[in-house]
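Whatever order the structure lists them in is the order used to number ligands and atoms, beginning at 1. Just so it is clear, the model here is predicted, and its values are computed rather than measured.
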Amino acid sequence: MNEVQKKPFDINGMLNRIAELMVQYPKAAMFQLYEEGFTSLFEQLLSCIISIRTLDEVSIPVSKRLFAKARTPQELLKLSPLELEDVLHGSSYNGQKAYTMLSIAQTVIGQYNGQLPADYEQLTSLKGVGPKCANLVLGIAAQIPAISVDSHVHRVVNRWGYIQTAQPEKTLSALEKLVPQDRWIDINRLLMPFGKFHCTHNLPKCSICPVLDYCRQVGVTRHR
Ligand code: SF4
């Protein structure tokens with residue numbers, strides 16, 4: 001489609017169309033786990049750590065294996081580092097993640113009376129917790145408006161031509177200026193699976209895309 005034929009961006013309308021499309025695809029891991037009852041900030045944070053550099057297809061069963069043994073900081077600290085590493089088997093860097101989780105559990109008990117705070121600064125001050133996980137956890141478990149940017153979100157919104165950013169960190173601040181707060185959680189909830197299954201890294205499905213009339217297809221040279 002020619003550039004001049006594209007519509008002005010309507011982020012609400014675009015997200016609504018993508019929501020209809022994504023009904024047929026699996027939900028992102030943390031949203032799926034939330035629906036299955038793993039709703040606490042602590043559980044969501046553990047799931048996010050498990051998901052780092054790990055496919056959702058692995059993150060979900062590994063998270064459930066962990067929650068069968070420990071769902072609170074107190075329960076987690078009953079596991080030795082080696083036991084926890086074994087439970088996390090399949091998730092990338094499981095040994096390192098085991099130490100990270102135990103360190104977080106100790107901090108939560110020692111500094112926060114056993115309750116993980118729903119606060120961005122305090123979450124990102126924990127060892128091993130970056131902006132992506134902090135914002136996902138706050139959005140999903142505490143319903144605090146927050147945008148979480150992963151590689152899929154970063155790629156999709158730049159392809160649209162909605163923003164022009166080189167790094168995901170810049171994408172976060174650019175989206176915060178453009179997207180209404182009541183859709184912030186939807187950005188990751190919808191665009192992560194949209195990028196994984198539809199607007200894929202190689203050969204995006206432009207010919208059957210529900211937002212083709214808005215998308216400038218920046219950098220797309222081949223598509224399905
Ligand atoms: Fe992605 Fe193509 Fe759809 Fe644009 S038109 S969002 S590049 S699949």
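- Judged by the 6.0 Å and 45° rule, R216 forms a cation-pi pair with F9.
- Distance from atom 6 (S) of ligand 1 to its nearest protein heavy atom, with residue and atom name: W160 NE1, 3.4 Å.
- Excluding waters, the protein N/O/S atoms found under 2.8 Å from atom 2 (Fe) of ligand 1 are C206 SG.
- Comment: D150 does not engage K196 in a salt bridge, judged by the lack of any side-chain N to carboxylate O separation of less than 4.0 angstrom.
- The residues K69 and E75 are annotated as not salt-bridged, no charged nitrogen and carboxylate oxygen being separated by less than 4.0 angstrom.
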Show every donor-acceptor pair shorter than 3.5 Å between a side-chain atom in residues 121-131 and any protein atom, with sequence neighbours excluded, or say none if there are none.
| residue | atom | partner | partner atom | Å |
| --- | --- | --- | --- | --- |
| T124 | OG1 | Y120 | O | 2.8 |
| T124 | OG1 | E121 | O | 3.3 |
| S125 | OG | Q122 | O | 2.7 |

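- T200 pairs with exactly one of K205, R224, H223 by the side chain to side chain donor-acceptor pair (under 3.5 Å) rule, that one being R224.
- Cysteines C209 and C215 keep their SG atoms at least 2.5 Å away from one another.
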